[in-house]
Colleague: 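Encoded as structure tokens, here's the structure I'll be asking about.
The figures here come from the full heavy-atom set of this structure, side chains too, leaving out hydrogens, waters and symmetry mates. All values derive from a computational prediction rather than experimental measurement. In what follows, chains carry the letters A, B, and so on, assigned in the order in which the sequence lines appear, proteins first and then strands, with residues in each chain numbered from 1.
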Amino acid sequence: MEMTATGSQPNGELMALRHRMRHSAAHVMADAVIQLFPEAQIGIGPSTDEGFYYDFQVSRPFTPEDLESIQSLMMEAIAHDQPFQKDVISREQANDMFREQQFKLEIIHDIPEYEELSTYTHGRFVDLCQGPHVESTGKIAAVKLLNVAGAYWRGDEKRPMLQRIYGTAFESQDALDQFLHMLEEAEKRDHRRLGKQLDLFGIHEDIGPGLITWHPKGGRIRSIVQAYWQELHDEHNYDVVYSPHVGKARLWETSGHLDFYRDSMFSPNDVDGNEYYLKPMNCPFHIMIYRSALRSYRELPIRYAELGTVYRYERSGVLHGLMRVRGFTQDDAHIFCLPEQVEDEVLGVLDMTFELLSTFGFSDYSISLSTKPEKHVGNEEMWQHATDSLARALARRSLQYGIDEGGGAFYGPKIDIKIKDALGREWQCTTVQFDFNLPDRFDLAFQGADGGQHRPYMVHRAIMGSVERFVGVLLEHYGGAFPLWLSPVQAQVIPIADRHLEYASKVKARLRGSHIRGEVDSRNERMNQIEKVPYMLVVGDSEMGSDTASVRLRTGENLGPVGIDTLIERMNDEIIRKA
RNA sequence: GCCGGCGUAGCUCAGCGGUAGAGCAGCGGUUUCGUAAACCGCAGGUCAAGGGUUCGAAUCCCCUCGCCGGCUCCA
């Protein structure tokens with residue numbers, strides 16, 4: 001559904017082989033589970049881009065020991081190199097064959113009559129399956145079971161919860177080991193771990209889950225990101241606005257949030273007999289600003305931007321570090337414009353987006369265009385025009401994208417951009433959404449050249465998505481080693497002995513005088529390597545005598561003694577280039 | 001919210017029925033040393049909260065809260 005704009009995916013043939021192998025591994029696993037748990041009801045067992053899984057309903061939860069036993073049985077099946085045999089069967093045969101398997105029966109029931117049913121058999125295990133598979137179990141070169149998790153049957157929380165076992169398989173032990181190594185690397189880059197290690201932010205039980213405190217170093221990073229955001233928006237002619245964190249029930253009634261979004265909102269507060277809600281979105285406030293005066297077509301487009309902190313109730317099980325929280329700051333903007341301006345406005349947003357992404361070193365992303373869902377507001381022409389505008393803007397920048405048919409919001413079509421971090425994981429950040437709903441609800445208008453009142457087009461957009469998530473993505477992307485311009489501490493001055501302390505302080509003062517964030521580390525233990533400080537300046541007798549510092553970079557590169565002025569110049573140059 | 005796992009000092013973790021330990025960080029001394037962790041000492045914990053079983057619970061059971069992996073949902 002989504003296409004990768006640029007990328008370093010394994011080639012199609014290899015991916016296809018992996019998918020076949022993983023799918024086969026899923027069968028082998030199901031076979032093993034049924035041997036150990038004859039009562040097991042089996043769900044589905046597909047391959048994925050990273051591995052495979054199979055869902056089971058068993059009398060008790062799987063334990064880690066079960067996984068080991070299952071894996072051993074799988075290894076036996078693989079050693080026996082059992083062939084996979086495909087058979088086309090009739091509906092009657094299928095219903096009979098799987099009469100003990102309620103989930104399979106349901107699947108059979110849901111397959112349209114005109115479609116062929118087939119089974120794949122290896123050893124004594126038969127599964128309803130379209131394939132394809134590898135020729136025999138022996139072709140599964142390297143396999144490993146990873147973990148167990150609960151999963152609703154058919155992803156529906158009203159249906160039974162099954163036990164899902166995840167595993168992966170590769171064409172060689174080497175490739176599997178590489179994958180496992182990558183998982184370890186990913187763990188080291190986990191923003192929650194780095195956030196703690198680098199003392200950037202905190203989440204405290206007594207404050208509340210999903211609520212972030214930014215510690216000084218994280219706060220520094222955030223403020224730099226925000227300053228850059230401000231610059232970018234100045235360049236692109238946005239007006240920055242501010243709005244409060246709460247608003248009266250009446251506002252949310254008009255916007256429709258109390259009807260459609262209430263479950264995601266914090267409970268109201270009573271103030272002087274009025275109910276006030278914490279804002280889950282900024283739009284109604286920006287709309288009130290728009291409505292504060294009669295608008296002329298000459299004023300359009302109007303672009304209101306705000307780093308607006310919103311609060312949403314997220315179910316406890318979905319919270320995740322900075323990526324998924326209950327209070328977050330959207331880099332929000334609302335564009336009010338004429339229909340004929342819309343395409344250029346979207347183009348402007350795309351240009352800003354890619355300017356920002358390249359500044360932070362992201363080159364891998366995927367773009368999707370989501371079109372009209374069944375339930376929607378607004379008329380056909382509006383949807384068509386808006387969707388075309390989005391597509392044309394993408395085409396004008398030669399951007400590849402996938403189409404998510406019917407995936408738009410009920411109030412308008414949208415473009416979403418997911419960023420891939422350094423480990424290939426995707427995070428939704430940028431979103432550009434048309435809104436045919438709120439302008440009506442708030443009766444937005446402008447006076448046209450014809451003297452009549454007209455409804456403006458309204459576009460929501462966020463580029464970083466939320467500052468919290470974006471910094472989280474940055475942390476993982478850089479593995480905590482922020483480029484110089486973003487580093488909370490840019491240079492750590494390290495005196496050799498106490499008699500060098502005074503000189504170290506002077507060096508620090510000179511750095512600070514040139515707007516470089518320097519610190520003196522007078523501790524005995526030097527933890528700077530762990531703290532990922534980009535420049536480490538060692539000062540001892542010889543440096544003190546020559547107005548220099550011995551420079552070691554975070555990368556391990558040693559520059560030897562460098563004059564302080566030269567160093568400041570070099571660093572400032574690097575900072576300006578955001579290198 | 002649901003399924004499973006987990007919750008011991010600021011951090012990483014050991015202890016898993018007899019009443020709390022290590023390393024790092026912190027503090028005080030000593031050392032003044034060339035590019036991540038010097039030496040000696042000190043302090044730090046109602047073992048997430050509450051309830052129960054037991055002569056005795058960090059260790060077993062229940063419940064609440066929180067975290068982790070998924071499912072669902074999403075910036």
Colleague: Reckon A:Arg315 touches a base, only the sugar-phosphate, or nothing at all at heavy-atom distances under 4.0 Å?
Modeller: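 Base contact.
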
Colleague: When all nucleic acid strands are considered with a 4.0 Å heavy-atom cut-off, which category describes A:Ser542: base, sugar-phosphate, or nothing?
Modeller: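 Answer is base: heavy atoms of A:Ser542 come under 4.0 Å of a base.
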
Colleague: Can you check the distance between B:G70 and B:A14, where both ends of the measurement are the C1' atom (answer in whole Å)?
Modeller: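 Straight-line distance between the two C1' atoms is 29 Å.
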
Colleague: If we take the C1' atom in both B:G15 and B:G7, what is their distance in whole Å?
Modeller: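 About 15 Å, rounded to a whole number of Å.
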
Colleague: Looking only at side-chain atoms of A:Lys196, point me to the closest of B:U12, B:A75, B:G69.
Modeller: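 Nearest nucleotide to the side chain: B:U12.
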
Colleague: Counting side-chain heavy atoms from CB outward, which of B:U35, B:C73, B:C2 is closest to A:Ser550?
Modeller: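 Closest of the options to the side chain of A:Ser550: B:U35.
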
Colleague: Within the 4.0 Å heavy-atom criterion, would you say A:Tyr313 contacts the bases, only the backbone, or no part of the nucleic acid?
Modeller: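 Result for A:Tyr313 = sugar-phosphate.
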
Colleague: Could you pull out the protein-nucleic contacts involving nucleotides 60-65 of chain B (nitrogen or oxygen on both sides, under 3.5 Å)?
Modeller:
| from | atom 1 | to | atom 2 | distance (Å) |
| --- | --- | --- | --- | --- |
| B:C65 | O2' | A:Glu205 | OE2 | 3.1 |

Colleague: Ring-on-base stacking between A:Phe328 and B:A75, under 5.5 Å between centres and under 30° between planes: is it there?
Modeller: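 Yes; centroid distance and tilt both under limits.
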
Colleague: For A:Leu319 and for A:Cys429, find the nucleotide of RNA chain B with the closest heavy atom, then tell me which residue's nucleotide is more 5'.
Modeller: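 Its nearest nucleotide lies further toward 5', so the answer is A:Leu319.
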
Colleague: Base, sugar-phosphate or nothing for A:Glu557? Non-hydrogen atoms, less than 4.0 Å.
Modeller: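 It contacts nothing in the nucleic acid.
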
Colleague: Taking any heavy-atom pair under 4.0 Å as a contact, classify A:Phe62: base, sugar-phosphate, or nothing.
Modeller: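 Nothing, no heavy atom under 4.0 Å.
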
Colleague: Let me spell it out: for each of A:Ser316 and A:Arg164, pick the nucleotide of RNA chain B with the closest heavy atom. Which residue's pick is nearer the 5' end?
Modeller: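 In this pair, the answer is A:Ser316.
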
Colleague: Under 4.0 Å, counting only non-hydrogen atoms across every strand here, what does A:His500 touch: a base, just sugar-phosphate, or nothing?
Modeller: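 Since no nucleic acid heavy atom lies under 4.0 Å of A:His500, the category is nothing.
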
Colleague: For A:Arg499, enumerate each residue passing the side chain to side chain contact (heavy atoms under 4.5 Å, CB included) test, keeping only those at least two apart in sequence or located in another chain.
Modeller: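 If we apply the side chain to side chain contact (heavy atoms under 4.5 Å, CB included) test to A:Arg499, skipping adjacent residues, the hits are A:Ala497, A:Asp541.
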
Colleague: Compute the centroid of each ring, for A:Phe179 and then for A:Phe170, and state whether the two points are separated by less than 6.0 Å.
Modeller: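 Under 6.0 Å, so yes.
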
Colleague: So, is A:Lys158 near the phosphate of B:G1, with a side-chain N or O under 4.0 Å from OP1 or OP2?
Modeller: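 For A:Lys158, the contact criterion (side-chain N or O under 4.0 Å from OP1 or OP2 of B:G1) is not met.
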
Colleague: Taking any heavy-atom pair under 4.0 Å as a contact, classify A:Met323: base, sugar-phosphate, or nothing.
Modeller: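 If one applies the 4.0 Å heavy-atom cut-off, A:Met323 turns out to touch a base.
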
Colleague: Within the structure shown, what part of the strands sits under 4.0 Å from A:Asn147 by heavy-atom distance: base, sugar-phosphate, or nothing?
Modeller: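 Sugar-phosphate only.
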
Colleague: Scan every strand shown for a Watson-Crick or G-U wobble partner of B:C65, both distances under 3.5 Å, and answer none if you come up empty.
Modeller: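 B:G7 is the nucleotide pairing with B:C65.
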
Colleague: What distance, rounded to whole Å, do you find between the two C1' atoms, one in B:A37 and one in B:U19?
Modeller: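 To the nearest whole Å, 35 Å.
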
Colleague: Give A:Ala151 one of three labels, base, sugar-phosphate or nothing, depending on what nucleic acid heavy atoms sit under 4.0 Å from its own.
Modeller: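 Contact class for A:Ala151: sugar-phosphate only.
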
Colleague: Less than 4.0 angstrom between a side-chain N/O of A:Tyr152 and OP1 or OP2 of B:G1, yes or no?
Modeller: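 Checking B:G1 against A:Tyr152, no side-chain N or O comes under 4.0 Å of OP1 or OP2.
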
